[in-house]
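Below is one structure, written out as C-alpha cells; comments come after it.
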Amino acid sequence: VPPTNTPVPPTNTPVPPTNTPVPPTATATATVPPAEPRIDLDTAAGAPGETVTITATLDESEGGVTATSNDITYDPTQVRVVVTGEDVGCTIDPRIGAGSAADKQLVASIVANGADSETLRVGIFAFSNSNPISDGPIFRCSFRIQPAASEGVKALDNLPGASDAIGNDLVTTGNDGAINVSGPLAVLSLSTGTAPAGGEVEITATLSGGGNGLAAVAGDITYDASALRVKRTAPDDVACTVAAAIGDGTAADKIVDAQMIDAPVGKETVRVAALAYDNINPIPDGAVFSCTFEVLAGTAPGQVALELDAAASDLESNDAPIDDADGAIDVTAALPLVVVGDVTGTAGTTVSVPVTLETSSNVAAVGVDIAYDATRVRGVRNPLDRPTCTIDARIGDGSAADKEIDTEFIAGEGDTEIIRVAVFSSENFNVISEGSLFSCDFAIDASAPAGAVPLANTSSTADPDSNDLETASEDGSITVNP
C-alpha cells in the first residue's frame, strides 16, 4: 500500500499589503448664485379723461435686493403719468417706506424721448442703509388717460433694474404694464331751462354715447328745496314722463319709474329710471325722460343747480359705467300775473267780476281781453255803449299810481264777445302795485242753463319805459246757479 504521508504544499503564501494611500476627496464649497429678481407692472382699464393706477411688484428677490429702478416708457398723447406742479404722481408702498424695516424712499422723474414717447423713471433706495426689500408691491403711479386717447391697449414698456447690498447690479426681468382704454363713456345729461319765480319748466335727460348697449338708464336729481319742487300729479306721483322715441310700442319699449327718495337737509331728490320689466331692449341715444319743475314763488333770480347722479345697466342686466352732466334752471323775475276772478250768480241777475294783478314786476300799464259766450252772459253796457267797468280806487285818480281806465266791446268769432280793458296813464309811468285793478259787470241771461261760463283771459303789461313784458294770465268764470 502506498504511503499516505505525502507532503502537503505549504499554504502560507504572502498576501499583498492593502494599505495603499487613497487619493484625497475633499470637495470645495459651492458659491450661491446672486438673486435674479422680477419687477412686474400690472394693468388697468379706463375711459378717456379718467385716471388709473399702475402697481409695480417685486418678486423672487430672495432677500438680496436693496434698491430698484424702473424705466416705464409710453405714448404721452394717449396716457401720461399724473404731474402736479413739480410732483410726479408716484408713491412708495408704505410697507417699505420711511419707518418700515426696509426704510426706503422713492424718486421719480420724466424723460422726454420725443413727441410720442416719454419715459417715467422710478428709483427706490436709501442713502443711509442697505436693508433688503422684501417681495410685494413697491410703488404705484397714477396715469391719466388723455381725453383724445383712442380705444385700445396702451403699452407701458418696462425696463427694470435692481442692486444688492454692496451695489452690484442684479440681472432683473419683469412684465410690461398696459392701460386698456375703453371707448368714451355713455353720458346722461340734464338740460338747462328758464322759468320765472312761480312758474314751471320742463327739464329733459338725454343719453349720448350709449352705443345701443344700455337697457336701462336712471338718474337721481337733487336740488334746493327752498327754490324748486318737482311737480306732483298726485301726492305720491311726480310729473316725469318717458321720451316718446323710447316709450310704449317703440323698439326700446320703456316706461318711466319716478319717485322721491331721501335727500340731504334742505334738498329734495327725485329718482327717475327709464326701464322695462319685460325686456332688455337697447335704449338709443337721444331724449330719455323729462320732468316738470316748479319754481317756488319768491325765489330770487339766478341759477339753481340740478345735480345728477346717473346709473345704467347693460343688455345682460349688469351694472354699466355711465357719466353724468348736471343741469340747471335759470330763474327770472316773476312774471306779472293778471287774474280774472270767479263769481256765482242766478240767471237773470247781474254780477261783478274782479280783475287783479297778483304779481307785479315793474308794471306801469295793463291790458286785459275777457272773452265769453254772449248767449249765456253779456257785458253790461253803460250810456256810452261801453262796458261797465270800474277802476279800483287804490290805483285811480289821485292815488300813487294815478291811472285811468278805458274799455270797449270787441266782436269775437261766432257767439263770442270780448271786453277789452286798458289801465294806463297818458301823463305818468307810475308803477301799479299788486292788488285789485278793476271790476266789470256782467248780466246773466235769463235763460242761461246752470253751470260755469268760462271767462277767457288774455292779458298784457308794459313797464315804465313802455316795453312790453311777458305776462301770465289766469282765466275766470261765472257759475250760473240752478
Side-chain angles (χ1 to χ4, degrees), residues 184-195 198-264 266-296 299 303-331:
L185 285 180
V187 180
L188 188 66
S189 305
L190 293 181
S191 62
T192 295
T194 302
E200 59 184 45
V201 61
E202 185 175 84
I203 297 296
T204 300
T206 301
L207 177 67
S208 60
N212 287 316
L214 301 178
V217 176
D220 289 353
I221 306 173
T222 301
Y223 50 88
D224 183 349
S226 69
L228 303 177
R229 182 177 186 268
V230 66
K231 187 174 182 178
R232 270 70 161 182
T233 55
D236 296 324
D237 295 330
V238 295
C240 296
T241 57
V242 68
I246 65 168
D248 184 39
T250 65
D253 199 21
K254 304 301 179 183
I255 62 170
V256 152
D257 185 348
Q259 57 184 308
M260 305 303 298
I261 63 172
D262 291 340
K267 304 276 190 177
E268 277 191 347
T269 298
V270 57
R271 175 169 291 169
V272 189
L275 76 169
Y277 296 107
D278 58 357
N279 73 65
I280 51 172
N281 301 337
I283 297 175
D285 287 354
V288 177
F289 62 81
S290 60
C291 296
T292 300
F293 286 85
E294 299 171 332
V295 181
L296 302 185
T299 300
Q303 189 170 84
V304 183
L306 299 173
E307 302 169 6
L308 177 64
D309 183 12
S313 60
D314 62 21
L315 305 184
E316 296 180 350
S317 300
N318 300 312
D319 290 343
I322 189 170
D323 206 349
D324 45 54
D326 297 339
I329 295 175
D330 292 322
V331 179

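Side chains of V230 and M260 form a contact here, defined as non-hydrogen atoms less than 4.5 Å apart. Between L308 and D220 there is no side-chain heavy-atom pair separated by less than 4.5 Å. The side-chain heavy atoms of T206 and S191, taken from C-beta on, include no pair separated by under 4.5 Å. Within the 4.5 Å cutoff, the side chain of I246 has heavy atoms near those of the P284 side chain. Residues V331 and V304 are in side-chain contact: their nearest non-hydrogen atoms beyond the backbone lie under 4.5 Å apart. Side-chain contact between D323 and V187: present, with at least one pair of heavy atoms (C-beta onward) separated by less than 4.5 Å. You'll find the side chain of V256 stays beyond 4.5 Å of the side chain of T241, heavy atoms only.
Here the NZ atom belonging to K254 is positioned 5.0 Å from the CG atom belonging to N281, to the nearest 0.5 angstrom. F293 contributes atom CZ, which lies 5.5 Å from atom CG of L306 (distance to the nearest 0.5 angstrom). Interatomic distance, CD1 of I203 versus OG1 of T292, reported as 9.0 Å (0.5 Å rounding). In this structure, CG in L296 is found 6.5 Å from CG in L228, a value given to the nearest 0.5 Å. Atom CG in L190 sits 7.0 Å away from atom CG in D326 (nearest 0.5 Å). Between the CG atom in D224 and the CZ atom in R229 there is a gap of 14.5 Å [rounded to 0.5 Å].
Ion pairing between E294 and K231 fails under the 4.0 Å rule for side-chain N and carboxylate O.
The minimum heavy-atom distance linking G209 with D285 is given by the pair N-OD2, 3.0 Å. Considering all non-hydrogen atoms of both residues, N279 and D253 come closest at ND2-O, 3.2 Å. Closest approach of A225 to K267, counting heavy atoms only: CB-C, 3.9 Å. In plain terms, the two heavy atoms of I283 and A215 that are nearest each other are CD1-O, 3.7 Å. Taking all atoms of both residues into account, the shortest heavy-atom contact from I329 to A195 is CG2-N, 4.5 Å. Considering every non-hydrogen atom in both Y223 and V270, the closest pair reads CE2-CG1, 4.4 Å.
Donor-acceptor pairing under 3.5 Å is lacking for the side chains of S290 and T204.
Sequence neighbours left out, the pairs with a member in residues 220-251 that pass disulfide (SG to SG under 2.5 Å) are C240-C291.
No more than 12 heavy atoms of other residues, nucleotides or ligands shown are found within 6.0 angstrom of CG on D248. Other residues, nucleotides and ligands contribute over 12 non-hydrogen atoms within 6.0 Å of the CG atom of N318.
Remark: the backbone N or O of A227 is paired with a side-chain donor or acceptor of T299 at under 3.5 angstrom.
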- prompt: Would L207 and I322 satisfy side-chain contact (heavy atoms from CB on, under 4.5 Å), going step by step from the backbone distance to the final call?
  reply: CA-CA 10 Å; L207 177 67; I322 189 170; 4.1 Å; yes

task: Could you please spell out the steps behind the side-chain contact (heavy atoms from CB on, under 4.5 Å) verdict for L275 and D257?
output: CA-CA 8 Å; L275 76 169; D257 185 348; 4.0 Å; yes

